[in-house]
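A short worksheet on the structure shown next.
Just so you know, these numbers use all the heavy atoms, side chains as well, and skip hydrogens, waters and symmetry mates.
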2 protein chains.
Amino acid sequence: MTFARRTYHHGDLRRSLVEAAEGLLEERGAAGLSLREVAKRAGVSHAAPYRHFHDKAALLDAIAQAGFERLSERVREAWDGNPCDPRTQLREAGVAYVCWATERPERTRLMMGGMMREDPLCTCLHAAAEDAFQWIFRVIDEGRSAGVFGGPDTRSVVISAWSAVHGLAMLILNSGKVSAETPEEVARLAALVCDTVADGIQIRH
Amino acid sequence: MTFARRTYHHGDLRRSLVEAAEGLLEERGAAGLSLREVAKRAGVSHAAPYRHFHDKAALLDAIAQAGFERLSERVREAWDGNPCDPRTQLREAGVAYVCWATERPERTRLMMGGMMREDPLCTCLHAAAEDAFQWIFRVIDEGRSAGVFGGPDTRSVVISAWSAVHGLAMLILNSGKVSAETPEEVARLAALVCDTVADGIQIRH
DNA sequence: ACCTGAACACCGTTCAAGT
DNA sequence: ACCTGAACACCGTTCAAGT
């Protein structure tokens, strides 16, 4: 990738640290990730990361934030790809959400495991999460405007739909009771859960 | 509670350790819980806990297991309290699940945060979790037998219902986007989500 | 400006030794 | 049988010092 360092200065240490941390995260989980090991893998001393991140939490925040941006992108694609079809939009957005989450177990645990409940130091992380969740809101809102979905109010329906999608991802990841070995099986379950919710919020004629 | 120790022998150190750990858990979370601090609060040396637990994970497992037993009890009560009424059973079981979980944030994060994905050393933990989840299965199975609920098969319907209930609890706990400050608000949202699922799986006449 | 090396206060875990 | 105290190998974080 890059030829031997000529000085003790690193080219782009911040990026190298994030990449090393992402690798270590999927290998050992957030609890087993040590900043010293990250620094070692990036080829610097254990104190060097503090030039780029205030502390360990700040590095994990950066990884979580990048995760929300990518998840957001995937859900947006499902929205874009199925215009004027709220039921399919809901199913495809849900499938994208659950597939993305289950493909990256440790990253998802980091993002969804309650790291966001801390001090509002990192507004960027909250903004990235907000943006990802925004697309689910739009799917429901558009469906209600089109007269396909009903329910008492948009917020209530969003909570129901998002709970089902998010819950399925968490159960596959953490419960050990909902087995979905292949990506196809994950997608099948996600579609099933989304269709059940769609049946529950659909206006009947 | 107990009068001064006469010897360096502790009366029931195992129990004391669990209680100290439970307190520390809700105060600082699983990541901030140290075995040395638990030992200090129980009034023993930092090596003493190893007489009763193989390692830190074993202590956390014991706490998680007790949690599943209590959660199971609450869901079972909802089942018992509403015989021959699957729709109400589902709603009340869901409300019990979400309320219990949100009342004990750190304990629930410990139980549901992926601790169970480890080696099958602790069969007791898995059995306790299995038992808790069993009641949701029964609610759906009974509802399908009674001709109230439909769906392709019981397993699929259970996954949809459990996903919605579990997902709501996780979103309230971890997302920072679904706010439910009071127990009443939590119960209202849980009932709403359960009713949406019930609408989705109900057989229509 | 960017990184190093030593230092500090913590960890989990082990083990010989005490009662 | 049950607990202690010292010891080991790790942590995260800080900071004077180097280039």
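- Counting to the nearest Å, the P atom of D/dT13 and the CZ atom of A/Phe53 are 13 Å from each other.
- Phosphate proximity of C/dC2 to A/His52: absent, as no side-chain N or O sits under 4.0 Å from OP1 or OP2.
- For the pair A/Tyr50 OH and D/dT14 P, the computed distance is 7 Å after rounding to whole Å.
- Between B/Arg51 atom CZ and D/dA1 atom C1' the separation is 8 Å, expressed in whole Å.
- One can place CD of B/Glu37 at 17 Å from P of C/dA9, the figure rounded to the nearest angstrom.
- Nucleic acid contact for B/Ser34: sugar-phosphate only, since backbone atoms but no base atoms lie under 4.0 Å from a heavy atom of the residue.
- Below 30°, between 30° and 60°, or above 60°: for B/Tyr97 and B/His166 the angle between ring planes is above 60°, a perpendicular geometry.
- Along DNA chain D, the nucleotide closest to B/His46 and the one closest to A/Asp55 are compared, and the more 5′ of them pairs with B/His46.
- Base pairing analysis places C/dT14 opposite D/dA6; the two distances defining the Watson-Crick or G-U wobble pair are each below 3.5 Å.
- Whole-Å rounding puts the B/Leu33 CG to D/dC11 P distance at 20 Å.
- The residue among B/Lys56 and A/Ala48 whose nearest nucleotide of DNA chain C is located toward the 5' end is A/Ala48.
- Between the P atom of C/dA1 and the CZ atom of A/Arg14 lies a distance of 18 Å, rounded to the nearest Å.
- Within the 4.0 Å cut-off from OP1 or OP2 of C/dT13, not a single side-chain nitrogen or oxygen of B/His54 is found.
- At a threshold of 4.0 Å, the pair B/Arg107-B/Glu26 does not count as salt-bridged, since none of the basic side-chain nitrogens sits closer than that to a carboxylate oxygen.
- For A/Arg36, the listed nucleotide lying nearest its side chain is D/dC11; candidates were D/dT4, D/dC11, C/dC2.
- Relative to the six-membered ring of B/Trp135, B/Arg138 meets both conditions, a distance below 6.0 Å and an angle of at most 45° to the axis.
- The nearest whole Å value for the distance from the NZ atom in B/Lys40 to the P atom in C/dG12 is 11 Å.
- With C/dG12, C/dC2, D/dT4 as the candidates, the nucleotide lying closest to the side chain of B/Ala47 is D/dT4.
- With rounding to whole Å, B/Leu59 atom CG is found 14 Å from C/dT13 atom C1'.
- A/Arg144 places no side-chain N or O within 3.5 Å of a backbone atom of A/Phe149 that could act as its donor or acceptor partner.
- Partner of A/Ile159 under the side chain to side chain contact (heavy atoms under 4.5 Å, CB included) criterion, chosen from B/Thr196, B/Leu168, B/Ile172: B/Leu168.
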